[in-house]
Undergrad: 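Got a structure for you, questions after.
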Amino acid sequence: MVYKHKKNREDKYRLKAKLVLEDGSVFEGNSFGYEKSTSGEVVFCTGMVGYPESLTDPSYYGQILVLTNPIIGNYGVPDFVDQDIQFKYFESSNIQVRALVIDDYSDYYSHYTAKESLGNWLKSHKIPGICNVDTRILTTILRERGTMLGRLLIDEDVEFFDPNKYNLVKEVSCNEVKIMGKGKKRIAVLDLGCKNGILRELLKRGVEVLRLPWNADIKNFDFDGIVISNGPGDPKMCGDVIENVKGILNDSRPIMGICLGHQILALSVGADTYKMKYGHRGQNQPVVDLKEDKCYITSQNHGFAVKDSTLPSDWIPWFSNLNDKTSEGMMHESGKFFSVQFHPEASPGPIDTSYLFDKFLAVLQ
């Protein structure tokens, strides 16, 4: 079926474009980014703000991102200069999405940090965008039928591309070992597509950060504790990473997993994961601490989840999603190893769960 926006908005100054889903649904609109066709997995995010952070989040690598908020672009984009880790407006040094799908694009932007428009930013990084799409209908389809592949057609036809068939982590991880900050304690970060926000949260707590590539042999490095970062794709495609993590499970050094890191840690201890129908992406996901019976609002970006029922007996389900009861965290009975599905470094978004970094550092020897 072909969907045209009910607003029937036509922009004579923009090229026509269309988003074609693998179920045959077609959404017509106009190009406002780089004028080149592309394809990927179509997912939606319910965040109201934060498109500079979302678009640079490596967890979106290989995906066509739909923003459900109706007006996008009204506050522009901050200066995208050389990425220092303290630079707070972006989560990596590249735009990670394959394309952006929105409803109403604002040609006029106003914000004290803005240096350019969203459209110009996309064009400079060769990322396509389509606007004048009824994202309400599109999101409804993705919720009812599930996440699916899509093609954004502008200048030529392209084939469907399924990113989940590949190890995406190696595409977004750092390429070499890097030491950042100074402190009495050294925290290794296994970079599976690590957001800058995780590094900032650690650095501001006065520790030295040892950033490791995805395929680093962890046991050969000296550190006091390790954080397994977020990242894109199916965790089961990361066999080498899983084996590396298994190699340090008998170690006494604490482990903290975040997002993909939660799934990798679960697979490493013998639990199982599965692909969700449409995933959790946004800044408004409620999770419950099963030990304290407290609810937190969290930022999330994932399409796979851990099966709590498959956890070994010495691992305890820790957090649960209030909406669908999916796994949001687990903890070893020793208290030294734990992981969460959500983002305690949320940027932008709620900072309710940033205390987890303090909890992690507190268990260091």
Side-chain angles (χ1 to χ4, degrees), residues 53 56-59 61 83-88 90-94 96 168-233 235 238 240-249 251 253-266 268 299 301-302 329 336-347 353-354 356-365:
E53 293 89 347
T56 55
D57 181 352
S59 294
Y61 187 85
Q83 291 294 292
D84 180 83
I85 197 53
Q86 301 295 335
F87 196 51
K88 63 184 179 181
F90 305 98
E91 292 299 341
S92 71
S93 58
N94 296 298
Q96 303 289 346
L168 304 179
V169 163
K170 66 181 181 180
E171 304 296 333
V172 295
S173 175
C174 62
N175 296 319
E176 57 186 10
V177 177
K178 184 176 182 180
I179 296 177
M180 294 171 284
K182 293 182 179 180
K184 295 182 179 179
K185 297 293 184 180
R186 173 184 278 188
I187 303 300
V189 174
L190 186 59
D191 182 358
L192 308 182
C194 185
K195 291 175 59 180
N196 284 348
I198 293 174
L199 302 174
R200 285 193 294 266
E201 287 294 326
L202 292 170
L203 289 171
K204 77 181 184 181
R205 286 169 168 78
V207 299
E208 182 178 271
V209 172
L210 176 69
R211 189 173 187 176
L212 301 176
W214 70 279
N215 57 352
D217 192 349
I218 307 170
K219 64 180 182 295
N220 291 335
F221 293 88
D222 179 32
F223 54 84
D224 298 294
I226 184 167
V227 173
I228 307 172
S229 85
N230 65 292
C238 303
D240 292 345
V241 179
I242 295 168
E243 290 303 313
N244 263 331
V245 173
K246 284 181 180 179
I248 61 169
L249 285 175
D251 200 318
R253 293 173 291 186
I255 300 174
M256 177 181 182
I258 297 175
C259 195
L260 179 64
H262 169 58
Q263 300 160 19
I264 293 293
L265 185 58
S268 299
S299 175
N301 179 7
H302 65 104
K336 299 186 70 173
F337 315 116
F338 62 84
S339 58
V340 292
Q341 184 61 73
F342 51 86
H343 286 275
E345 82 289 347
S347 177
T353 57
S354 60
L356 292 174
F357 290 100
D358 299 314
K359 180 179 179 64
F360 174 63
L361 296 180
V363 298
L364 297 181
Q365 292 182 341

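Below, all heavy atoms of this structure are taken into account, side chains as well, without hydrogens, waters or symmetry copies.
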Undergrad: Would you name the heavy atoms of Leu260 and Pro235 that are closest together and state the gap between them?
TA: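 Closest heavy-atom pair between Leu260 and Pro235: CD1-CB, 3.7 Å.
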Undergrad: Distance from Glu176 atom CD to Leu212 atom CG, nearest 0.5 Å?
TA: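 If we round to the nearest 0.5 Å, Glu176:CD and Leu212:CG are 12.0 Å apart.
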Undergrad: Side chains of Asn244 and Leu190: closer than 4.5 Å at any heavy-atom pair?
TA: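 They are not in side-chain contact.
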Undergrad: Are the side chain of Arg186 and the backbone N or O of Asp222 linked by a donor-acceptor pair below 3.5 Å?
TA: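 Yes, Arg186 side chain to Asp222 backbone: donor-acceptor pair under 3.5 Å.
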Undergrad: Within this structure, what is the CD1-CG distance for the pair Ile264 and Leu192, rounded to the nearest 0.5 Å?
TA: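 Atom-to-atom, Ile264:CD1 and Leu192:CG are 6.0 Å apart.
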Undergrad: Find the distance between OG (Ser339) and CD1 (Ile258) and round it off to the nearest 0.5 Å.
TA: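 That separation rounds to 9.5 Å.
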Undergrad: Are side-chain heavy atoms of His262 and Val340 found at a separation under 4.5 Å?
TA: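 In short, these two side chains do not touch, never coming nearer than 4.5 Å.
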Undergrad: Quick one: does any side-chain atom of Asn196 pair with a main-chain N or O of Phe90 as donor and acceptor, under 3.5 Å?
TA: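 Answer holds: yes.
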Undergrad: For Lys170 and Asn215: C-alpha separation, side-chain torsions, deciding distance, then whether side-chain contact (heavy atoms from CB on, under 4.5 Å) applies.
TA: CA-CA 8 Å; Lys170 66 181 181 180; Asn215 57 352; over 6 Å; no
Undergrad: One pair to check against side-chain contact (heavy atoms from CB on, under 4.5 Å): Leu361 and Lys185. What are the steps and the verdict?
TA: CA-CA 9 Å; Leu361 296 180; Lys185 297 293 184 180; 6.0 Å; no
Undergrad: Once rounded to the nearest 0.5 Å, what's the spacing between atom NZ of Lys184 and atom CG of Asp224?
TA: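 If I round to the nearest 0.5 Å, the distance is 12.5 Å.
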Undergrad: Does any non-hydrogen side-chain atom of Phe357 lie less than 4.5 Å from one of Val207?
TA: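 Not in contact.
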Undergrad: With a 4.5 Å heavy-atom cut-off, do Phe338 and Met256 have their side chains touching?
TA: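 Yes, close enough: below the 4.5 Å cut-off.
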Undergrad: Going by heavy atoms in the side chains, are Arg200 and Glu345 under 4.5 Å from each other?
TA: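 Not in contact.
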Undergrad: Evaluate whether atom CG of Asn175 has more than 12 neighbouring non-hydrogen atoms of other residues, nucleotides or ligands under 6.0 angstrom away.
TA: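 Counting other residues, nucleotides and ligands, CG of Asn175 stays at 12 neighbours or fewer.
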Undergrad: Quick check for you: to the nearest 0.5 Å, what is the distance between Asp251 atom CG and Phe337 atom CZ?
TA: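 Atom-to-atom, Asp251:CG and Phe337:CZ are 7.0 Å apart.
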Undergrad: Give the intermediate values and the outcome of side-chain contact (heavy atoms from CB on, under 4.5 Å) for residues Ser268 and Leu249.
TA: CA-CA 8 Å; Ser268 299; Leu249 285 175; 4.1 Å; yes
Undergrad: Where is the tightest heavy-atom contact between Phe221 and Arg253, given as atom of each residue plus distance?
TA: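 Heavy atoms only, the tightest pair is O-NH1, 3.4 Å.
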Undergrad: Work out which heavy atom in Pro213 is nearest to a heavy atom in Cys174; give both atom names and the distance.
TA: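 So the two residues come closest at CB-O, 3.4 Å.
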Undergrad: Less than 4.5 Å apart, side chain to side chain, heavy atoms only: is that true for Pro344 and Lys359?
TA: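 Of all side-chain heavy-atom pairs linking Lys359 with Pro344, none is under 4.5 Å.
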Undergrad: Indicate yes or no: at least one non-hydrogen side-chain atom of Tyr61 is less than 4.5 angstrom from one of Val169.
TA: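 They are not in contact (no side-chain heavy atoms under 4.5 Å apart), so the answer is no.
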Undergrad: Has the side chain of Glu91 got a donor or acceptor atom that lies under 3.5 Å from a matching backbone atom of Gly197?
TA: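 Flag set: sc Glu91 to bb Gly197 pair under 3.5 Å.
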Undergrad: Nearest 0.5 angstrom please: Lys178 NZ to Leu210 CG, how far?
TA: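 If I round to the nearest 0.5 Å, the distance is 12.0 Å.
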Undergrad: Hey, is the main chain of Lys195 close enough, under 3.5 Å, to the side chain of Asn230 for a donor-acceptor pair?
TA: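 At least one qualifying donor-acceptor pair exists.
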Undergrad: So which heavy atom on Ser229 is nearest to which on Gly193, and how close?
TA: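 Here Ser229 and Gly193 meet closest at OG-N, 3.7 Å.
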Undergrad: Of all heavy-atom pairs between Asp191 and Val172, which one has the smallest distance, and what is that distance?
TA: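 Of all heavy-atom pairs spanning Asp191 and Val172, the closest is OD1-O, 4.4 Å.
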Undergrad: Provide the closest heavy-atom pair for Leu265 versus Val245 in the form atom of the first, atom of the second, distance.
TA: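 For Leu265 versus Val245, the nearest heavy atoms are CD1-CG1, 4.1 Å.
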Undergrad: Evaluate side-chain contact (heavy atoms from CB on, under 4.5 Å) for Cys259 paired with His343, printing each intermediate quantity in order.
TA: CA-CA 7 Å; Cys259 195; His343 286 275; 3.7 Å; yes
Undergrad: If we ignore hydrogens and angles and just use 3.5 Å, is the side chain of Ser299 paired with the main-chain N or O of Ala346 as donor and acceptor?
TA: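 Checked: no pair found.
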